[in-house]
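Predicted model only: the values in this text are computed from it and were never measured. Chain naming here is simple, since letters A, B, ... match the order of the sequence lines and numbering starts at 1 in each.
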There are 2 protein chains.
Amino acid sequence: MPDFPKKTLVADAYSRLKSDIRENRLPPGFQAPEPELATRLGISRTPVREALIRLQADGLIRLIPRHGALVVALSPSDVQSLYDILSALEPQAGVTLAEAAPTPTALAPLYETLDAMTRALEAKDLSAWLAADDSFHQQVIALQGNDRLHGMLDPLLDQLHRVLMTTLAHREQLARATEDHRTLLHILATGDSNGARRELRQHRRRESREVLEIIEAQGLTAL
Amino acid sequence: MPDFPKKTLVADAYSRLKSDIRENRLPPGFQAPEPELATRLGISRTPVREALIRLQADGLIRLIPRHGALVVALSPSDVQSLYDILSALEPQAGVTLAEAAPTPTALAPLYETLDAMTRALEAKDLSAWLAADDSFHQQVIALQGNDRLHGMLDPLLDQLHRVLMTTLAHREQLARATEDHRTLLHILATGDSNGARRELRQHRRRESREVLEIIEAQGLTAL
DNA sequence: AAAAAGAATTACGTATGCATTGTAGCGGAC
DNA sequence: GTCCGCTACAATGCATACGTAATTCTTTTT
(Lines give C-alpha, C1' and ligand atoms only; values in the text may rest on other atoms or scores of the structure.)
Protein backbone atom coordinates (compact mmCIF):
# COMPACT_ATOMS: atom_id res chain seq x y z
CA MET A 1 0.00 0.00 0.00
CA PRO A 2 2.33 2.74 -1.10
CA ASP A 3 1.20 6.26 -0.50
CA PHE A 4 1.46 8.82 -3.23
CA PRO A 5 3.33 11.96 -2.45
CA LYS A 6 2.09 14.78 -4.59
CA LYS A 7 5.35 16.59 -5.04
CA THR A 8 4.44 17.18 -8.63
CA LEU A 9 1.47 16.02 -10.59
CA VAL A 10 3.55 14.12 -13.10
CA ALA A 11 5.44 12.26 -10.40
CA ASP A 12 2.14 11.49 -8.80
CA ALA A 13 0.56 10.34 -12.03
CA TYR A 14 3.63 8.29 -12.82
CA SER A 15 3.59 6.46 -9.49
CA ARG A 16 -0.11 5.88 -9.54
CA LEU A 17 -0.18 4.54 -13.06
CA LYS A 18 2.88 2.42 -12.47
CA SER A 19 1.40 0.99 -9.33
CA ASP A 20 -1.91 0.36 -11.09
CA ILE A 21 -0.11 -1.53 -13.80
CA ARG A 22 2.08 -3.52 -11.45
CA GLU A 23 -0.87 -4.59 -9.38
CA ASN A 24 -2.97 -5.46 -12.36
CA ARG A 25 -5.57 -2.82 -11.70
CA LEU A 26 -4.74 -1.70 -15.22
CA PRO A 27 -4.31 -5.13 -16.75
CA PRO A 28 -2.27 -5.95 -19.84
CA GLY A 29 -4.23 -5.00 -22.90
CA PHE A 30 -5.95 -2.15 -21.15
CA GLN A 31 -6.03 0.87 -23.34
CA ALA A 32 -7.11 4.43 -22.73
CA PRO A 33 -6.61 7.76 -24.45
CA GLU A 34 -4.87 10.60 -22.71
CA PRO A 35 -8.00 12.60 -21.98
CA GLU A 36 -9.57 9.68 -20.21
CA LEU A 37 -6.52 9.10 -18.05
CA ALA A 38 -6.39 12.79 -17.31
CA THR A 39 -9.98 12.74 -16.15
CA ARG A 40 -9.45 9.59 -14.17
CA LEU A 41 -6.50 11.16 -12.38
CA GLY A 42 -8.22 14.47 -12.02
CA ILE A 43 -5.50 16.46 -13.72
CA SER A 44 -4.91 17.94 -17.13
CA ARG A 45 -3.41 16.17 -20.10
CA THR A 46 -0.01 17.83 -19.78
CA PRO A 47 1.30 16.00 -16.72
CA VAL A 48 -0.37 12.80 -17.87
CA ARG A 49 1.50 12.93 -21.14
CA GLU A 50 4.80 13.40 -19.39
CA ALA A 51 4.11 10.52 -17.06
CA LEU A 52 3.14 8.33 -20.00
CA ILE A 53 6.39 9.10 -21.76
CA ARG A 54 8.28 7.84 -18.74
CA LEU A 55 6.13 4.75 -18.45
CA GLN A 56 6.78 4.00 -22.07
CA ALA A 57 10.51 4.32 -21.46
CA ASP A 58 10.05 1.82 -18.66
CA GLY A 59 8.44 -0.56 -21.09
CA LEU A 60 5.20 -0.69 -19.17
CA ILE A 61 3.00 0.94 -21.78
CA ARG A 62 3.02 1.70 -25.45
CA LEU A 63 1.80 5.03 -26.74
CA ILE A 64 -0.24 4.42 -29.84
CA PRO A 65 -1.19 7.59 -31.66
CA ARG A 66 -4.94 8.13 -31.70
CA HIS A 67 -5.46 5.09 -29.52
CA GLY A 68 -3.91 6.19 -26.31
CA ALA A 69 -1.76 4.30 -23.88
CA LEU A 70 -1.75 0.53 -24.07
CA VAL A 71 -0.63 -1.51 -21.11
CA VAL A 72 1.79 -3.91 -22.69
CA ALA A 73 1.07 -7.60 -22.42
CA LEU A 74 4.04 -9.91 -22.19
CA SER A 75 4.13 -12.93 -24.42
CA PRO A 76 6.04 -16.00 -23.30
CA SER A 77 8.91 -14.97 -25.51
CA ASP A 78 8.83 -11.52 -23.95
CA VAL A 79 9.25 -13.18 -20.60
CA GLN A 80 12.14 -15.16 -21.99
CA SER A 81 13.75 -11.97 -23.31
CA LEU A 82 13.23 -10.31 -19.99
CA TYR A 83 14.93 -13.13 -18.18
CA ASP A 84 17.79 -13.18 -20.64
CA ILE A 85 18.49 -9.57 -19.82
CA LEU A 86 17.94 -9.97 -16.13
CA SER A 87 20.23 -12.98 -16.00
CA ALA A 88 22.93 -10.90 -17.58
CA LEU A 89 22.42 -7.77 -15.57
CA GLU A 90 21.43 -8.69 -12.07
CA PRO A 91 24.50 -10.87 -11.47
CA GLN A 92 26.56 -7.82 -12.27
CA ALA A 93 24.67 -5.98 -9.55
CA GLY A 94 25.68 -8.78 -7.23
CA VAL A 95 29.28 -8.35 -8.25
CA THR A 96 29.25 -4.66 -7.58
CA LEU A 97 27.64 -5.15 -4.22
CA ALA A 98 30.02 -7.91 -3.18
CA GLU A 99 33.00 -5.84 -4.24
CA ALA A 100 31.84 -3.09 -1.96
CA ALA A 101 32.33 -5.55 0.91
CA PRO A 102 29.09 -4.62 2.61
CA THR A 103 29.13 -4.55 6.39
CA PRO A 104 26.71 -6.70 8.39
CA THR A 105 24.91 -3.49 9.25
CA ALA A 106 24.44 -2.69 5.61
CA LEU A 107 23.10 -6.16 4.97
CA ALA A 108 20.82 -6.16 8.00
CA PRO A 109 17.73 -5.00 6.10
CA LEU A 110 18.30 -7.80 3.65
CA TYR A 111 18.42 -10.37 6.41
CA GLU A 112 15.24 -8.93 7.73
CA THR A 113 13.59 -9.22 4.37
CA LEU A 114 14.83 -12.77 4.13
CA ASP A 115 13.18 -13.51 7.44
CA ALA A 116 9.98 -12.05 6.09
CA MET A 117 10.22 -14.40 3.12
CA THR A 118 10.78 -17.35 5.38
CA ARG A 119 7.87 -16.46 7.60
CA ALA A 120 5.62 -15.86 4.60
CA LEU A 121 6.62 -19.24 3.24
CA GLU A 122 5.78 -21.00 6.49
CA ALA A 123 2.50 -19.17 6.67
CA LYS A 124 1.86 -19.99 3.04
CA ASP A 125 1.15 -16.35 2.49
CA LEU A 126 2.03 -16.13 -1.16
CA SER A 127 1.56 -12.46 -1.70
CA ALA A 128 3.61 -11.63 1.35
CA TRP A 129 6.31 -13.91 0.02
CA LEU A 130 6.30 -12.17 -3.34
CA ALA A 131 6.36 -8.75 -1.72
CA ALA A 132 9.41 -9.77 0.28
CA ASP A 133 11.08 -11.39 -2.70
CA ASP A 134 10.53 -8.27 -4.72
CA SER A 135 11.79 -6.09 -1.93
CA PHE A 136 14.88 -8.24 -1.55
CA HIS A 137 15.95 -7.87 -5.16
CA GLN A 138 14.99 -4.22 -5.07
CA GLN A 139 17.29 -3.68 -2.14
CA VAL A 140 20.14 -5.56 -3.72
CA ILE A 141 20.11 -3.41 -6.80
CA ALA A 142 19.65 -0.26 -4.76
CA LEU A 143 22.47 -1.00 -2.34
CA GLN A 144 24.92 -1.84 -5.02
CA GLY A 145 26.84 1.22 -6.11
CA ASN A 146 26.19 1.45 -9.82
CA ASP A 147 23.36 3.94 -10.19
CA ARG A 148 23.03 3.42 -13.89
CA LEU A 149 22.69 -0.29 -13.34
CA HIS A 150 20.06 0.35 -10.74
CA GLY A 151 18.17 2.56 -13.14
CA MET A 152 18.19 -0.16 -15.75
CA LEU A 153 17.29 -3.05 -13.49
CA ASP A 154 14.47 -1.33 -11.73
CA PRO A 155 12.12 -1.19 -14.71
CA LEU A 156 12.90 -4.80 -15.50
CA LEU A 157 11.72 -5.86 -12.08
CA ASP A 158 8.59 -3.82 -12.62
CA GLN A 159 7.89 -5.54 -15.88
CA LEU A 160 8.44 -8.91 -14.32
CA HIS A 161 6.28 -8.27 -11.31
CA ARG A 162 2.98 -9.14 -12.95
CA VAL A 163 4.46 -12.30 -14.38
CA LEU A 164 5.57 -13.39 -10.95
CA MET A 165 2.19 -12.54 -9.48
CA THR A 166 0.25 -14.62 -11.94
CA THR A 167 2.54 -17.62 -11.87
CA LEU A 168 3.11 -17.55 -8.16
CA ALA A 169 0.40 -19.97 -7.17
CA HIS A 170 1.82 -22.71 -9.36
CA ARG A 171 5.42 -22.46 -8.30
CA GLU A 172 6.79 -25.42 -6.44
CA GLN A 173 10.28 -24.28 -5.63
CA LEU A 174 9.54 -21.35 -3.42
CA ALA A 175 11.52 -22.90 -0.61
CA ARG A 176 14.48 -23.32 -2.88
CA ALA A 177 14.12 -19.77 -4.14
CA THR A 178 14.03 -18.54 -0.57
CA GLU A 179 17.17 -20.49 0.24
CA ASP A 180 18.87 -18.94 -2.75
CA HIS A 181 18.52 -15.61 -1.08
CA ARG A 182 20.08 -16.87 2.09
CA THR A 183 22.97 -18.29 0.15
CA LEU A 184 23.43 -15.03 -1.66
CA LEU A 185 23.54 -13.10 1.58
CA HIS A 186 26.26 -15.33 2.95
CA ILE A 187 28.24 -14.92 -0.20
CA LEU A 188 27.81 -11.17 -0.15
CA ALA A 189 28.98 -11.05 3.43
CA THR A 190 32.25 -12.66 2.41
CA GLY A 191 32.71 -10.26 -0.46
CA ASP A 192 32.96 -13.06 -2.97
CA SER A 193 32.01 -11.24 -6.14
CA ASN A 194 32.29 -14.21 -8.44
CA GLY A 195 30.17 -16.23 -6.10
CA ALA A 196 27.57 -13.50 -6.00
CA ARG A 197 27.48 -13.39 -9.76
CA ARG A 198 27.04 -17.12 -10.05
CA GLU A 199 24.43 -17.37 -7.35
CA LEU A 200 22.32 -14.57 -8.76
CA ARG A 201 22.63 -15.94 -12.26
CA GLN A 202 21.56 -19.40 -11.20
CA HIS A 203 18.80 -18.02 -9.07
CA ARG A 204 17.25 -16.20 -11.98
CA ARG A 205 17.85 -19.09 -14.34
CA ARG A 206 16.02 -21.46 -12.06
CA GLU A 207 13.25 -18.97 -11.62
CA SER A 208 12.92 -18.42 -15.34
CA ARG A 209 12.75 -22.13 -15.98
CA GLU A 210 10.08 -22.56 -13.37
CA VAL A 211 8.06 -19.57 -14.48
CA LEU A 212 8.27 -20.37 -18.16
CA GLU A 213 7.16 -23.92 -17.54
CA ILE A 214 4.15 -22.67 -15.70
CA ILE A 215 3.38 -20.23 -18.45
CA GLU A 216 3.45 -23.02 -20.96
CA ALA A 217 1.61 -25.52 -18.81
CA GLN A 218 -1.13 -23.02 -18.11
CA GLY A 219 -1.26 -21.90 -21.69
CA LEU A 220 -0.75 -18.30 -20.69
CA THR A 221 -0.20 -16.30 -23.84
CA ALA A 222 -0.23 -12.78 -22.52
CA LEU A 223 0.52 -11.56 -19.07
CA MET B 1 25.59 14.27 -41.23
CA PRO B 2 22.29 12.70 -40.35
CA ASP B 3 19.25 14.46 -41.69
CA PHE B 4 16.38 15.25 -39.41
CA PRO B 5 12.97 14.06 -40.41
CA LYS B 6 10.33 16.33 -39.02
CA LYS B 7 7.62 13.77 -38.50
CA THR B 8 6.85 15.38 -35.21
CA LEU B 9 8.51 18.26 -33.43
CA VAL B 10 9.44 16.23 -30.37
CA ALA B 11 11.03 13.49 -32.44
CA ASP B 12 12.89 16.15 -34.33
CA ALA B 13 14.01 17.94 -31.18
CA TYR B 14 15.02 14.62 -29.65
CA SER B 15 17.18 13.61 -32.61
CA ARG B 16 18.77 16.98 -32.95
CA LEU B 17 19.61 17.32 -29.29
CA LYS B 18 20.86 13.77 -29.08
CA SER B 19 23.04 14.26 -32.10
CA ASP B 20 24.33 17.56 -30.71
CA ILE B 21 25.27 15.83 -27.50
CA ARG B 22 26.87 12.82 -29.16
CA GLU B 23 28.98 15.02 -31.38
CA ASN B 24 29.99 17.32 -28.59
CA ARG B 25 28.30 20.34 -30.05
CA LEU B 26 26.55 20.44 -26.70
CA PRO B 27 29.50 19.43 -24.55
CA PRO B 28 29.30 17.81 -21.14
CA GLY B 29 28.54 20.45 -18.57
CA PHE B 30 26.54 22.52 -21.01
CA GLN B 31 23.40 23.74 -19.40
CA ALA B 32 20.38 25.56 -20.73
CA PRO B 33 16.86 26.24 -19.55
CA GLU B 34 13.91 25.04 -21.54
CA PRO B 35 13.00 28.41 -23.03
CA GLU B 36 16.46 28.80 -24.45
CA LEU B 37 16.43 25.39 -26.04
CA ALA B 38 12.97 26.08 -27.39
CA THR B 39 14.16 29.28 -29.00
CA ARG B 40 17.26 27.62 -30.31
CA LEU B 41 15.19 24.90 -31.92
CA GLY B 42 12.57 27.33 -33.08
CA ILE B 43 9.68 25.56 -31.40
CA SER B 44 7.67 25.98 -28.24
CA ARG B 45 8.53 24.62 -24.86
CA THR B 46 6.08 21.75 -24.98
CA PRO B 47 7.83 19.49 -27.48
CA VAL B 48 11.19 20.47 -26.03
CA ARG B 49 10.12 19.31 -22.60
CA GLU B 50 8.99 15.98 -23.94
CA ALA B 51 12.22 15.48 -25.83
CA LEU B 52 14.19 16.35 -22.71
CA ILE B 53 12.32 13.77 -20.68
CA ARG B 54 13.38 11.12 -23.17
CA LEU B 55 16.97 12.31 -23.22
CA GLN B 56 17.03 12.14 -19.47
CA ALA B 57 15.76 8.56 -19.62
CA ASP B 58 18.64 7.87 -21.99
CA GLY B 59 21.03 9.22 -19.42
CA LEU B 60 22.30 11.94 -21.69
CA ILE B 61 21.03 14.90 -19.74
CA ARG B 62 19.82 15.71 -16.28
CA LEU B 63 16.84 17.95 -15.75
CA ILE B 64 17.60 20.25 -12.89
CA PRO B 65 14.63 22.29 -11.74
CA ARG B 66 15.19 26.01 -12.26
CA HIS B 67 18.45 25.35 -14.02
CA GLY B 68 17.33 23.57 -17.11
CA ALA B 69 18.88 20.65 -18.88
CA LEU B 70 22.44 19.72 -18.05
CA VAL B 71 24.45 17.61 -20.44
CA VAL B 72 25.86 14.96 -18.16
CA ALA B 73 29.60 14.66 -17.87
CA LEU B 74 31.00 11.22 -17.30
CA SER B 75 33.56 10.76 -14.57
CA PRO B 76 36.10 7.97 -14.87
CA SER B 77 34.03 5.88 -12.52
CA ASP B 78 30.97 6.54 -14.65
CA VAL B 79 32.87 5.14 -17.58
CA GLN B 80 33.77 2.13 -15.50
CA SER B 81 30.12 1.63 -14.56
CA LEU B 82 29.11 1.99 -18.14
CA TYR B 83 31.55 -0.67 -19.21
CA ASP B 84 30.49 -2.96 -16.41
CA ILE B 85 26.96 -2.86 -17.74
CA LEU B 86 27.98 -3.07 -21.33
CA SER B 87 30.23 -6.04 -20.66
CA ALA B 88 27.30 -7.82 -19.11
CA LEU B 89 24.71 -6.88 -21.68
CA GLU B 90 26.32 -6.78 -25.07
CA PRO B 91 27.62 -10.36 -24.87
CA GLN B 92 24.03 -11.41 -24.34
CA ALA B 93 23.18 -9.62 -27.56
CA GLY B 94 25.86 -11.68 -29.22
CA VAL B 95 24.31 -14.83 -27.83
CA THR B 96 20.90 -13.97 -29.14
CA LEU B 97 22.26 -13.15 -32.53
CA ALA B 98 24.36 -16.28 -32.75
CA GLU B 99 21.43 -18.42 -31.69
CA ALA B 100 19.43 -17.00 -34.55
CA ALA B 101 22.02 -18.61 -36.84
CA PRO B 102 22.25 -15.56 -39.10
CA THR B 103 22.68 -16.25 -42.80
CA PRO B 104 25.66 -14.84 -44.69
CA THR B 105 23.22 -12.46 -46.34
CA ALA B 106 22.12 -11.17 -42.98
CA LEU B 107 25.71 -10.68 -41.93
CA ALA B 108 26.74 -9.03 -45.18
CA PRO B 109 26.24 -5.47 -43.92
CA LEU B 110 28.43 -6.30 -40.96
CA TYR B 111 31.21 -7.55 -43.21
CA GLU B 112 30.88 -4.38 -45.17
CA THR B 113 31.18 -2.31 -42.04
CA LEU B 114 34.17 -4.36 -41.02
CA ASP B 115 35.79 -3.54 -44.36
CA ALA B 116 35.11 0.09 -43.71
CA MET B 117 36.89 -0.21 -40.39
CA THR B 118 39.84 -1.90 -42.00
CA ARG B 119 40.09 0.73 -44.70
CA ALA B 120 39.76 3.53 -42.18
CA LEU B 121 42.51 1.94 -40.13
CA GLU B 122 44.86 1.73 -43.09
CA ALA B 123 44.06 5.30 -44.04
CA LYS B 124 44.54 6.32 -40.42
CA ASP B 125 41.18 8.03 -40.63
CA LEU B 126 40.27 7.89 -37.00
CA SER B 127 36.83 9.37 -37.18
CA ALA B 128 35.87 7.08 -40.03
CA TRP B 129 37.11 4.19 -37.96
CA LEU B 130 35.02 5.21 -34.99
CA ALA B 131 31.97 5.73 -37.15
CA ALA B 132 32.34 2.24 -38.53
CA ASP B 133 33.01 0.76 -35.13
CA ASP B 134 29.94 2.44 -33.77
CA SER B 135 27.89 1.29 -36.71
CA PHE B 136 29.11 -2.25 -36.27
CA HIS B 137 27.98 -2.54 -32.70
CA GLN B 138 24.80 -0.72 -33.53
CA GLN B 139 24.04 -3.28 -36.19
CA VAL B 140 24.80 -6.19 -33.93
CA ILE B 141 22.38 -5.08 -31.30
CA ALA B 142 19.77 -4.21 -33.91
CA LEU B 143 20.00 -7.49 -35.78
CA GLN B 144 19.75 -9.58 -32.69
CA GLY B 145 16.18 -10.43 -31.92
CA ASN B 146 15.65 -9.12 -28.41
CA ASP B 147 14.03 -5.71 -28.85
CA ARG B 148 14.12 -4.89 -25.21
CA LEU B 149 17.81 -5.61 -25.13
CA HIS B 150 18.29 -3.39 -28.12
CA GLY B 151 16.39 -0.62 -26.42
CA MET B 152 18.64 -0.87 -23.41
CA LEU B 153 21.93 -1.15 -25.21
CA ASP B 154 21.31 1.67 -27.61
CA PRO B 155 21.43 4.46 -25.04
CA LEU B 156 24.55 2.92 -23.53
CA LEU B 157 26.34 3.19 -26.82
CA ASP B 158 25.19 6.78 -27.09
CA GLN B 159 26.60 7.58 -23.69
CA LEU B 160 29.86 5.92 -24.55
CA HIS B 161 30.24 7.61 -27.89
CA ARG B 162 31.77 10.81 -26.58
CA VAL B 163 34.19 8.84 -24.44
CA LEU B 164 35.37 6.91 -27.44
CA MET B 165 35.70 10.08 -29.46
CA THR B 166 37.88 11.83 -26.97
CA THR B 167 40.12 8.88 -26.20
CA LEU B 168 40.38 7.70 -29.78
CA ALA B 169 43.57 9.50 -30.67
CA HIS B 170 45.50 7.83 -27.87
CA ARG B 171 44.40 4.28 -28.46
CA GLU B 172 47.07 1.91 -29.57
CA GLN B 173 45.13 -1.28 -30.10
CA LEU B 174 42.83 -0.20 -32.87
CA ALA B 175 44.12 -2.97 -35.09
CA ARG B 176 43.40 -5.51 -32.40
CA ALA B 177 39.96 -4.03 -31.85
CA THR B 178 39.28 -4.25 -35.53
CA GLU B 179 40.37 -7.87 -35.59
CA ASP B 180 38.03 -8.59 -32.70
CA HIS B 181 35.17 -7.68 -34.96
CA ARG B 182 36.36 -10.03 -37.63
CA THR B 183 36.66 -12.82 -35.11
CA LEU B 184 33.18 -12.11 -33.85
CA LEU B 185 31.73 -12.28 -37.33
CA HIS B 186 33.27 -15.67 -37.94
CA ILE B 187 31.91 -16.90 -34.65
CA LEU B 188 28.47 -15.54 -35.41
CA ALA B 189 28.50 -17.25 -38.78
CA THR B 190 28.99 -20.60 -37.09
CA GLY B 191 26.18 -19.92 -34.63
CA ASP B 192 28.47 -20.43 -31.67
CA SER B 193 26.59 -18.52 -29.03
CA ASN B 194 29.02 -19.15 -26.21
CA GLY B 195 31.85 -18.05 -28.43
CA ALA B 196 29.98 -14.91 -29.33
CA ARG B 197 29.40 -14.12 -25.71
CA ARG B 198 33.03 -14.63 -24.82
CA GLU B 199 34.36 -12.66 -27.75
CA LEU B 200 32.11 -9.70 -27.15
CA ARG B 201 32.87 -9.72 -23.46
CA GLN B 202 36.58 -9.79 -24.03
CA HIS B 203 36.32 -7.17 -26.72
CA ARG B 204 34.65 -4.72 -24.38
CA ARG B 205 36.91 -5.62 -21.51
CA ARG B 206 39.98 -4.89 -23.57
CA GLU B 207 38.43 -1.69 -24.80
CA SER B 208 37.51 -0.59 -21.31
CA ARG B 209 41.01 -1.26 -20.05
CA GLU B 210 42.50 0.72 -22.89
CA VAL B 211 40.08 3.58 -22.58
CA LEU B 212 40.30 3.83 -18.83
CA GLU B 213 44.06 3.87 -18.97
CA ILE B 214 43.95 6.75 -21.39
CA ILE B 215 41.48 8.57 -19.22
CA GLU B 216 43.80 8.25 -16.29
CA ALA B 217 46.98 8.97 -18.20
CA GLN B 218 45.45 12.09 -19.68
CA GLY B 219 43.95 13.13 -16.41
CA LEU B 220 40.52 13.38 -17.94
CA THR B 221 38.06 13.91 -15.14
CA ALA B 222 34.88 14.62 -17.04
CA LEU B 223 33.95 13.61 -20.53
C1' DA C 1 -27.63 -6.10 -46.66
C1' DA C 2 -23.14 -4.66 -47.83
C1' DA C 3 -20.51 -1.04 -49.42
C1' DA C 4 -19.49 3.58 -50.08
C1' DA C 5 -19.63 8.25 -48.97
C1' DG C 6 -20.14 11.86 -45.88
C1' DA C 7 -20.57 14.07 -41.27
C1' DA C 8 -19.51 14.31 -36.51
C1' DT C 9 -16.59 13.39 -32.96
C1' DT C 10 -12.37 12.90 -30.71
C1' DA C 11 -7.42 12.34 -29.81
C1' DC C 12 -3.23 14.24 -30.56
C1' DG C 13 0.53 17.60 -31.22
C1' DT C 14 1.71 21.95 -30.25
C1' DA C 15 1.32 26.66 -28.58
C1' DT C 16 0.29 29.84 -25.09
C1' DG C 17 -1.12 31.68 -20.63
C1' DC C 18 -0.55 31.89 -15.73
C1' DA C 19 0.60 31.22 -10.91
C1' DT C 20 4.26 29.62 -8.15
C1' DT C 21 8.67 29.57 -6.48
C1' DG C 22 13.50 29.70 -6.65
C1' DT C 23 17.55 32.57 -8.07
C1' DA C 24 20.39 36.26 -9.03
C1' DG C 25 21.33 40.98 -8.66
C1' DC C 26 21.44 44.98 -5.93
C1' DG C 27 21.74 47.90 -2.05
C1' DG C 28 22.63 48.61 2.61
C1' DA C 29 24.59 47.32 7.19
C1' DC C 30 28.50 45.98 9.75
C1' DG D 1 35.12 44.58 1.59
C1' DT D 2 32.02 41.01 3.02
C1' DC D 3 27.61 39.52 4.50
C1' DC D 4 22.75 39.85 4.66
C1' DG D 5 18.16 40.83 3.07
C1' DC D 6 15.08 42.50 -0.33
C1' DT D 7 13.37 43.06 -4.91
C1' DA D 8 12.95 41.90 -9.73
C1' DC D 9 13.28 38.44 -12.80
C1' DA D 10 13.02 33.99 -14.80
C1' DA D 11 12.10 29.01 -15.19
C1' DT D 12 9.03 25.67 -14.15
C1' DG D 13 4.69 22.95 -13.66
C1' DC D 14 0.41 22.80 -15.11
C1' DA D 15 -3.88 24.22 -17.47
C1' DT D 16 -6.07 25.55 -21.44
C1' DA D 17 -6.76 26.59 -26.30
C1' DC D 18 -6.70 25.26 -31.08
C1' DG D 19 -5.90 23.27 -35.72
C1' DT D 20 -5.33 18.91 -37.89
C1' DA D 21 -6.10 14.41 -38.92
C1' DA D 22 -7.99 10.20 -38.06
C1' DT D 23 -11.65 7.23 -36.32
C1' DT D 24 -16.31 6.25 -35.74
C1' DC D 25 -21.03 6.89 -36.69
C1' DT D 26 -24.64 7.98 -40.02
C1' DT D 27 -26.63 7.93 -44.02
C1' DT D 28 -27.14 6.94 -48.62
C1' DT D 29 -26.55 4.11 -52.61
C1' DT D 30 -26.53 -0.09 -55.10
Side-chain angles (χ1 to χ4, degrees), chain A residues 2-21 25-73 151, chain B residues 2-21 25-73 151:
Chain A
D3 63 333
F4 302 113
K6 54 179 185 309
K7 188 113 183 70
T8 87
L9 293 188
V10 332
D12 191 29
Y14 174 78
S15 323
R16 285 175 60 178
L17 290 172
K18 181 154 103 177
S19 163
D20 284 349
I21 293 171
R25 288 186 292 270
L26 294 182
F30 173 89
Q31 203 169 9
E34 291 170 13
E36 184 180 322
L37 294 173
T39 307
R40 175 193 290 247
L41 295 170
I43 59 183
S44 85
R45 275 179 54 219
T46 308
V48 175
R49 265 179 83 84
E50 299 187 359
L52 292 178
I53 292 172
R54 304 226 302 239
L55 289 168
Q56 182 171 44
D58 289 346
L60 291 176
I61 67 164
R62 269 181 55 206
L63 253 8
I64 303 177
R66 304 278 156 186
H67 291 279
L70 169 71
V71 177
V72 306
Chain B
D3 62 334
F4 303 113
K6 56 178 185 309
K7 187 107 186 71
T8 155
L9 292 187
V10 336
D12 191 28
Y14 175 77
S15 324
R16 286 175 60 177
L17 289 171
K18 181 155 103 177
S19 164
D20 283 349
I21 294 170
R25 288 185 293 270
L26 294 183
F30 174 89
Q31 203 169 8
E34 291 170 13
E36 184 179 323
L37 295 173
T39 307
R40 175 193 289 246
L41 295 170
I43 60 183
S44 84
R45 275 178 53 218
T46 308
V48 174
R49 263 179 86 82
E50 299 188 359
L52 292 178
I53 292 172
R54 304 228 301 241
L55 289 168
Q56 182 172 44
D58 290 346
L60 291 176
I61 66 164
R62 268 182 56 205
L63 252 7
I64 303 178
R66 304 277 158 187
H67 291 278
L70 167 72
V71 177
V72 306

First contact, last contact: which nucleotides of DNA chain C are these for chain A, 5' to 3', heavy-atom distance under 4.0 Å? dA11(C) to dT14(C)
Can you name the side-chain contact (heavy atoms from CB on, under 4.5 Å) partners of A51(A), sequence neighbours left out? A13(A), Y14(A)
List in numerical order all residues of residues 47-55 of chain A for which some heavy atom is under 4.0 Å away from an atom belonging to DNA chain C. R49(A)
Only counting residues at least two apart or in another chain, list the ones meeting side-chain contact (heavy atoms from CB on, under 4.5 Å) with P65(B). none
S19(A) side chain to S15(A) backbone, donor-acceptor under 3.5 Å: no
In short, G59(B) meets V72(B) closest at the heavy-atom pair O-CG2, 3.2 Å
Pairs in or reaching into residues 56-73 of chain B: which pass salt bridge (charged side-chain N to carboxylate O under 4.0 Å, His left out), with residues at least two apart or in two chains? none
Counterpart residues, side-chain contact (heavy atoms from CB on, under 4.5 Å), relative to A57(B) (two or more places apart): A57(A)
With a cut-off of 3.5 Å and sequence neighbours excluded, list every side-chain donor-acceptor pair involving residues 41-49 of chain A.
| unit_1 | atom_1 | unit_2 | atom_2 | d |
| --- | --- | --- | --- | --- |
| S44(A) | OG | T46(A) | N | 3.4 |
| R45(A) | NE | E34(A) | OE1 | 3.2 |
| R45(A) | NH2 | E34(A) | OE1 | 3.3 |
| R49(A) | NE | E50(B) | OE2 | 2.8 |
| R49(A) | NH1 | E34(A) | OE1 | 3.4 |
| R49(A) | NH1 | E34(A) | OE2 | 2.9 |
| R49(A) | NH2 | E50(B) | OE1 | 3.0 |
| R49(A) | NH2 | E50(B) | OE2 | 3.4 |

Integer-rounded Å distance: dT16(D) C1' and R45(A) CZ: 10 Å
Can you find a side chain N or O atom of T46(A) that sits less than 4.0 Å from OP1 or OP2 on dC14(D)? no
Between R54(A) and I53(B), is there a side-chain heavy-atom distance shorter than 4.5 Å? yes
Decide yes or no for V71(B) and L60(B): does some side-chain heavy atom of the first lie under 4.5 Å from some side-chain heavy atom of the second? no
With 3.5 Å as the limit, what N/O pairs link the protein to nucleotides 6-11 of chain D?
| unit_1 | atom_1 | unit_2 | atom_2 | d |
| --- | --- | --- | --- | --- |
| dA11(D) | N3 | R66(B) | NH1 | 2.7 |

Applying the side chain to side chain contact (heavy atoms under 4.5 Å, CB included) test to L26(A), which of R40(A), K18(A), R16(A) qualifies? R40(A)
